[in-house]
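To start, the structure under review is shown below, and the notes come after it.
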Amino acid sequence: MKLLLIHSDYIEYEVKGKAISNPEEISLKKDRLEEALTVFIAVEKNDEKSPRQAVLDATAEIEKTAEQLKAKNIMIYPYAHLSSDLGRPKIAKEILVELEYELKNKDFNVKRSPFGWYKAFKISCKGHPLSELSRDIVPGGKNEEESESLKKERKLSSYWNILTEDGELHEIDNFNFKGHENLKKFSFYEKEKSRAIKQEPAHVKLMQKLEIADYEPASDGGNMRFYPKGRFIKKLIEQYVNRRVAEYGGLEVETPIMYDMDHPTLSKYLQRFPARQYQIESDKRRFFLRFAACFGQFLMAHDATISYKALPLKLYELTKYSFRREQSGELAGLRRLRAFTMPDVHAMVSDLDMAMDEFKVRFDLSLSVLKNIGIQNDDIEMALRTTKDFYEENKEFIVDLVKRLGKPILMETWDERIFYFILKFEFNFVDMSDKASALSTDQIDIENGERYDIKFTDKDGVQKHPLILHCSPSGAIERVIYALLEKEAIKMQKGQKPMLPLWLSPTQVRFVPVKDEFVSDCEKFIEELNSSKYGVIIRADIDDREESVGKKIRDAETEWVPIILVIGDKELESNSFTPRFRDTNFAEKKTYSLDELKEKISENVKDYPQDLLPLPLHMSKRVKFK
RNA sequence: GCCGCUGUGGCUUAGAGGUAUAGCGAUUCCUUGGUAAGGAAUAGGUCGUGGGUUCAAUUCCCACCAGCGGCUCCA
């Protein structure tokens with residue numbers, strides 16, 4: 001990036017005409033700024049490598065000069081002619097906009113002349129020795145080596161180990177991973193960011209084929225559409241997590257999805273990551289879409305009167321949605337999204353002892369939530385991240401966590417605390433492509449109680465800031481679905497039949513009448529199945545299409561329907577049924593009465609959320625979404 | 001965001017500088033069928049979007065969009 005800085009009595013310009021095909025929209029055709037540091041800028045190719053760094057470097061440079069000159073006003077003036085190696089207009093525009101934003105944050109009075117237009121301008125240069133300066137900015141630039149070494153230093157101060165149940169710490173390279181293949185994949189994925197297999201994520205085809213979710217080209221990347229079956233599955237998982245958190249004592253709240261970028265508490269936190277948010281404007285205020293539920297809950301807690309008796313105070317929200325503008329190249333199916341549903345339960349505690357007690361409770365909660373949803377202990381690998389000090393002082397506590405999980409974990413320790421938390425656990429799912437993604441997590445945060453000025457009155461009458469635990473007991477709901485599908489994809493690869501857990505299957509029982517005349521009998525059976533004896537909803541439907549029985553069975557199988565019942569004269573006469581169970585372990589015997597079947601299903605799903613069939617009862621009335 | 005690959009009816013796909021192939025699905029008809037695809041006919045496509053080259057572009061070139069792979073990132 002080339003900068004030409006001119007300390008001027010005034011600068012004024014007037015827009016004349018387009019210089020590129022799609023210039024920036026303009027609000028002001030002409031403008032003027034007195035006593036201004038005018039900054040002529042050309043954004044170059046090498047800025048595109050790290051636009052963010054370019055902005056930060058330029059901001060620092062301009063700030064330095066402005067302070068020397070005691071200039072309060074800054075005019076940013078795009079000026080392509082400074083360089084023969086210009087960057088792409090779109091990026092250049094973004095860089096200028098961000099630069100304006102950064103400078104405004106530093107409390108300068110900033111104006112920016114529009115990008116992509118020919119402009120007439122008048123400038124009056126003060127002419128003193130410092131009034132004309134040129135600068136060449138290479139993002140990271142001369143500091144590149146330094147920041148590289150800084151990075152290395154940080155890497156050096158982060159140690160990766162395997163921690164076993166006996167409390168032994170092992171080097172990753174020397175650890176015998178026999179029987180812990182996924183932990184090996186996960187460890188190397190985390191440490192080296194390397195993986196062996198390269199293929200498209202298996203769940204993408206499945207989510208489409210099963211009509212769960214799909215891409216929506218009319219939206220931004222990472223914003224999915226959910227078909228009836230997908231919404232249904234999502235809804236049940238959401239309900240399940242909600243209930244478990246309620247049992248744990250979480251107080252469910254609802255908070256806004258957008259927040260003022262200039263809010264004093266939030267803006268500091270945000271400044272580090274402004275490019276990663278969705279931003280929207282309302283009147284003259286700028287808002288960002290939340291990337292977690294923390295803000296709303298912290299602001300709520302800030303205004304609350306809290307006694308030590310109320311601790312731990314557990315606030316909970318299932319965010320629909322949280323937004324993160326992940327890099328476009330990072331988006332993949334349901335694994336990584338820009339809009340996602342996130343259960344987020346915070347616990348405010350008085351001190352570290354209470355934090356650690358609570359941490360254990362939530363650890364068990366997370367493990368149990370995942371397990372009951374269908375992600376077993378074998379499917380996840382645990383990572384624990386902490387500081388060296390915390391580890392040294394709390395070895396017993398940490399080893400106890402490993403024992404609770406019952407298998408070795410990956411541990412990362414830092415010499416110094418880098419983030420706002422001192423301890424964090426994650427349960428990671430390792431998929432078919434050896435990629436690891438975090439599901440459940442909990443963290444002990446020692447910064448934000450103070451930052452948000454959340455206070456509780458302790459026994460001694462003194463007001464104190466609580467420590468805050470951040471937990472997502474299941475991880476993003478979309479990601480849970482991703483994990484369930486990937487898990488089934490792995491099964492398919494082994495030649496086993498894939499299926500969703502019975503409680504999550506949109507259709508649990510499919511009735512296949514051998515002739516049209518049996519359709520009404522199927523309807524009666526379904527009614528009978530749902531007679532309220534067990535208080536459980538059994539979701540059954542009827543394939544009344546004009547197809548052969550073979551075809552209907554085949555379609556039910558490809559739809560992963562767990563139980564199929566063919567209905568004809570035999571069934572009507574004997575009043576007994578020969579179910580086709582997708583999960584062969586589920587079958588105890590060959591024939592069942594309707595009551596026995598009802599009991600068997602109820603037994604399996606009674607502890608889970610119940611809801612009605614999300615599709616028409618009759619297959620002939622259904623729509624094909626995919 | 002960067003580099004590379006891909007983009008043909010709802011889905012899967014053949015193909016080529018002269019507006020396009022098949023299967024599934026849909027519709028209609030025949031078949032009333034007992035545990036993974038019964039048969040026939042009909043309809044359905046400005047070949048991702050926008051420019052350029054050409055007598056002619058869906059095909060060649062450029063840009064953009066989307067998806068995938070890799071990198072980076074993941075508070």
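Residue numbers start from 1 in every chain, and the chains themselves are labelled A, B, ... in the order their sequence lines are given, proteins ahead of strands.
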Q: Would you mind checking if Lys600(A) and Glu588(A) are paired as a salt bridge, meaning a charged N to carboxylate O distance below 4.0 Å?
A: yes
(Q) Assuming nearest nucleotide by heavy-atom distance, tell me which of Gly329(A) and Gln443(A) is located more 5' along RNA chain B. (A) Gly329(A)
Q) Which part of the nucleic acid does Glu517(A) contact within heavy-atom distance under 4.0 Å: base, sugar-phosphate only, or nothing? A) nothing
Q. So what does Asp569(A) touch, heavy atoms closer than 4.0 Å: a base, only the sugar-phosphate, or nothing?
A. base
Q | Donor-acceptor pair present, Glu571(A) side chain and G34(B) base, under 3.5 Å | A | yes
**Q.** Sugar-phosphate, base or nothing in reach of Tyr420(A), heavy atoms under 4.0 Å
**A.** sugar-phosphate
Q) C71(B) P sits how many Å from Arg336(A) CZ, rounded? A) 13 Å
(Q) Taking the ring centre of each residue, are Phe298(A) and His470(A) less than 6.0 Å apart? (A) yes
Q.
Looking at Lys491(A) and Glu488(A), is there a salt bridge between them, counting it only when a charged N and a carboxylate O are closer than 4.0 Å?
A. yes
Q. Should Lys205(A) be listed as having a side-chain N or O under 4.0 Å from OP1 or OP2 of G67(B)?
A. no
(Q) In whole Å, I'd like the distance from the CG atom of Leu331(A) to the P atom of C68(B). (A) 8 Å
Q.
Tell me which nucleotide, if any, is Watson-Crick or G-U wobble paired with G67(B) when both distances must be under 3.5 Å.
A. C5(B)
Q.
Expressed as a whole number of angstroms, how long is the span from Asp516(A):CG to U31(B):P?
A. 13 Å
Q.
Between Arg554(A) and Glu559(A) (salt bridge meaning N to carboxylate O under 4.0 Å), is one present in this structure?
A. no
Q) So does Lys551(A) get a side-chain nitrogen or oxygen closer than 4.0 Å to the phosphate oxygens (OP1/OP2) of G25(B)? A) yes
Q | Between U27(B) (C1') and Lys624(A) (NZ): distance, integer Å | A | 14 Å
Q. When all nucleic acid strands are considered with a 4.0 Å heavy-atom cut-off, which category describes Lys424(A): base, sugar-phosphate, or nothing?
A. nothing
Q) Counting any heavy atom closer than 4.0 Å, what does Lys209(A) reach on the DNA or RNA strands: base, sugar-phosphate only, or nothing? A) nothing
Q) Does a nitrogen or oxygen in the side chain of Arg580(A) sit under 4.0 Å from OP1 or OP2 of A36(B)? A) yes
Q.
Using whole Å, what does the distance between atom C1' of nucleotide U35(B) and atom CZ of Phe518(A) come to?
A. 15 Å
Q) Over how many whole Å does the gap from Asp220(A) atom CG to G67(B) atom P extend? A) 9 Å
Q: Provide, to the nearest angstrom, the distance between the CE atom belonging to Met432(A) and the C1' atom belonging to G69(B).
A: 15 Å
Q: Whole angstrom is fine here: how far is it from CD in Gln208(A) over to C1' in G25(B)?
A: 16 Å
Q) So which one's nearest nucleotide on RNA chain B is more toward 5', Arg479(A) or Tyr215(A)? A) Tyr215(A)
Q. Salt bridge between Lys552(A) and Asp555(A), side-chain N to carboxylate O under 4.0 Å?
A. no
Q: Could you please name the option among C68(B), U32(B), G34(B) that lies closest to any side-chain atom of Glu200(A)?
A: C68(B)
